[in-house]
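Chain naming here is simple, since letters A, B, ... match the order of the sequence lines and numbering starts at 1 in each.
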Protein chains: 2
Amino acid sequence: MPGQPRNSRTSEESRNSRIQRQVMQLIIDRRLRAGALLPTEAELMEDLGVSRNSVREALKALQALDIVEIRHGYGTYVGEASLTPLIDGLTFRTLARHDHDDSAALAEILQVREVLEEGLIRRVAATVTEAELDRLEAVVSRMEAAGRAGRAFPDLDRAFHELLYASLGNDLVPQLLAAFWTVFRRVNGARGRPDDPSPELTARWHRDIVTALRTGDVEGAQQAMAVHFRGIEARARRLG
Amino acid sequence: MPGQPRNSRTSEESRNSRIQRQVMQLIIDRRLRAGALLPTEAELMEDLGVSRNSVREALKALQALDIVEIRHGYGTYVGEASLTPLIDGLTFRTLARHDHDDSAALAEILQVREVLEEGLIRRVAATVTEAELDRLEAVVSRMEAAGRAGRAFPDLDRAFHELLYASLGNDLVPQLLAAFWTVFRRVNGARGRPDDPSPELTARWHRDIVTALRTGDVEGAQQAMAVHFRGIEARARRLG
DNA sequence: TAAGATTTGTACGTATGTATT
DNA sequence: CAATACATACGTACAAATCTT
């Protein structure tokens, strides 16, 4: 039986991590933007003095972090450094929770979303423009149409929350919320749970949010957002 | 000059991604916990019918996501699926922002932390126990001692915020906050900025938070947290 | 202490698939 | 269509690290 893994090797960095760092540093030093072409594997081999395998393994690791993007037969590009790794990691660890069922993990994600959105909506209420409210209202109208037809509207839901926080000028916020939203949806999908049991109710929650924002009612907007999340939580508990 | 990258290949999944999925599925199916030993590379080669290089590249990608952990000469283990990839990705993309200076990116991260902590502290106020408050107070006392000596105390700061949200029973929250905290610190470190120009002031902010929690003052606790973040933002602006 | 077995790390060669010119 | 450039995949050999005996 193998013993506990040791925590040796604090002195020296592994070669693979070193190559990863060097490639990242290369991107930073050369001021390459997302989409820019990176040196070929052969050039990296030569520049870094390592074999093709080592280069490829490092690039694969960076690809998993969305720091580079590899295109077969074309080349390696600087990636978007999106939150894709967060989505993959959270999805995996939720699905791999064997000790408890996954509803606890989903509740954790939902609580983070809830705190974020209830806090952010107050700031949105102060900065949102009429034009943005019009766009939000258009999305809600489409939600209501889908709801009357009994159809779920995950894409509209996602678009609403993304549009809602666009006025903050904080690019991280919509990406982070979208990541949590995607994990929530993927896990539920993998578990074969239904998408949205009551689309009309969901549409009304969003309508109430826009209405409160339109009248400049900060408290009301936060309250409407809270109601929205209470509803999602109630559904999750029912399915749990 | 190469044109825009195409978005072909939606039909078939790349071999490497397939192997990654298969390894993740293997962990889920066999109900392996973090720390459990995975099949050796040779076994995976055989089971999945691919070469060693392909197995290794897939494992390297999963290692970057902290889904597996590879130990030279020992074996491959199931990883913690921590938020390390988020830290790496956010740090990289902040340092790689060439269009704007990084202060804008740091302000975005700070805003997320701020909204989260100001919302969460209200829930903490309702659930925190006397024993937890005692531990928090002990940390603050050490902060004040360090502050009087003019020393910065990043570890105590981190421990405080981690301890603060332990009572929520939401494991994701402290991990997420720690991730943002680490990115913030790493980027500032890479830019050669000072750690904490006024430790005594920082200690006082934390003292005020505990004091408000002790008296059960929800509004006061949120207010104290807000003051804390206003202070951090003011410092960041001064350095910007 | 030392030798051997197991496992991962690195390197090289070759063939194939894919996109550009 | 042909030629070129590049990434992808496989196989093999050996080095390095770790555990067992």
Side-chain angles (χ1 to χ4, degrees), chain A residues 1-23 26 32 35-64 66-79, chain B residues 1-23 26-27 32 35-79:
Chain A
M1 189 170 60
Q4 284 299 318
R6 309 274 176 78
N7 242 351
S8 61
R9 165 177 302 293
T10 54
S11 56
E12 199 183 344
E13 188 183 19
S14 85
R15 186 190 214 104
N16 208 283
S17 318
R18 193 197 72 209
I19 301 174
Q20 291 180 35
R21 263 198 320 99
Q22 285 173 314
V23 173
L26 183 150
L32 300 179
L37 197 54
L38 250 60
T40 67
E41 294 181 354
E43 287 173 307
L44 288 175
M45 285 172 60
E46 184 130 0
D47 292 354
L48 308 180
V50 294
S51 78
R52 171 172 257 106
N53 266 346
S54 301
V55 169
R56 285 182 59 76
E57 287 173 9
L59 289 179
K60 286 292 180 182
L62 291 178
Q63 184 184 37
D66 197 24
I67 286 177
V68 309
E69 193 182 341
I70 306 175
R71 288 181 183 272
H72 189 154
Y74 201 78
T76 305
Y77 295 83
V78 178
Chain B
M1 191 168 60
Q4 282 300 317
R6 307 273 178 76
N7 244 351
S8 61
R9 164 175 306 291
T10 53
S11 56
E12 197 183 345
E13 189 183 20
S14 85
R15 160 141 29 206
N16 208 283
S17 318
R18 195 198 69 210
I19 301 174
Q20 291 179 36
R21 265 197 320 99
Q22 286 173 312
V23 173
L26 182 150
I27 295 172
L32 301 179
L37 199 52
L38 249 60
T40 66
E41 294 178 356
E43 288 173 309
L44 288 174
M45 284 171 61
E46 184 130 359
D47 291 354
L48 307 180
V50 294
S51 77
R52 175 134 182 254
N53 276 344
S54 300
V55 168
R56 285 183 58 78
E57 286 173 10
L59 289 179
K60 286 292 178 183
L62 292 178
Q63 184 184 38
L65 298 175
D66 197 24
I67 287 176
V68 308
E69 191 182 342
I70 307 175
R71 288 179 183 273
H72 188 166
Y74 201 80
T76 305
Y77 296 83
V78 178

Write down the atom of [X], the atom of [Y], and the distance for their closest heavy-atom approach.
X       : Y       : result
A:Ala64 : B:Leu65 : O-CD2, 3.6 Å
A:Gln20 : A:Leu62 : O-CD1, 4.0 Å
A:Glu41 : A:Leu59 : CG-CD1, 4.1 Å
B:Ile27 : B:Val68 : CD1-CG1, 4.4 Å
A:Tyr77 : A:Leu38 : C-CD1, 4.2 Å

Write down the distance between [atom1] ([X]) and [atom2] ([N]), rounded to a whole number of angstrom.
X       : N      : atom1 : atom2 : answer
A:Glu41 : D:dA9  : CD    : P     : 11 Å
A:Arg71 : C:dA19 : CZ    : C1'   : 12 Å
B:Met45 : D:dC10 : CE    : C1'   : 9 Å
A:Leu37 : C:dA19 : CG    : C1'   : 13 Å
A:Tyr74 : D:dT4  : OH    : P     : 20 Å
B:Lys60 : C:dT10 : NZ    : C1'   : 10 Å
B:Glu69 : C:dT7  : CD    : P     : 18 Å
A:Tyr77 : C:dT20 : OH    : C1'   : 10 Å

Can you check whether [X] has a side-chain N or O nearer than 4.0 Å to OP1 or OP2 of [N]?
X       : N      : result
A:Arg56 : D:dT8  : yes
A:Ser51 : C:dT10 : no
A:Thr40 : D:dA5  : no
B:Ser54 : D:dC10 : yes

**Prompt:** Does B:Val50 or A:Ala42 map to a spot on DNA chain D nearer the 5' end, using the closest nucleotide for each?
**Reply:** A:Ala42
**Request:** Could you tell me whether the side chain of B:Asn53 reaches within less than 4.5 Å of the side chain of A:Arg56, counting heavy atoms only?
**Result:** no
**Request:** Check if the side chain of A:Asn53 and the base of C:dA11 share a donor-acceptor pair of N or O atoms closer than 3.5 Å.
**Result:** yes
So which protein N/O to nucleotides 14-16 of chain D N/O distances come out below 3.5 Å?
| unit_1 | atom_1 | unit_2 | atom_2 | d |
| --- | --- | --- | --- | --- |
| D:dA16 | N3 | B:His72 | NE2 | 3.1 |

**Request:** Working to the nearest 0.5 Å, report the span between OG1 of A:Thr40 and CD of A:Glu46.
**Result:** 9.5 Å
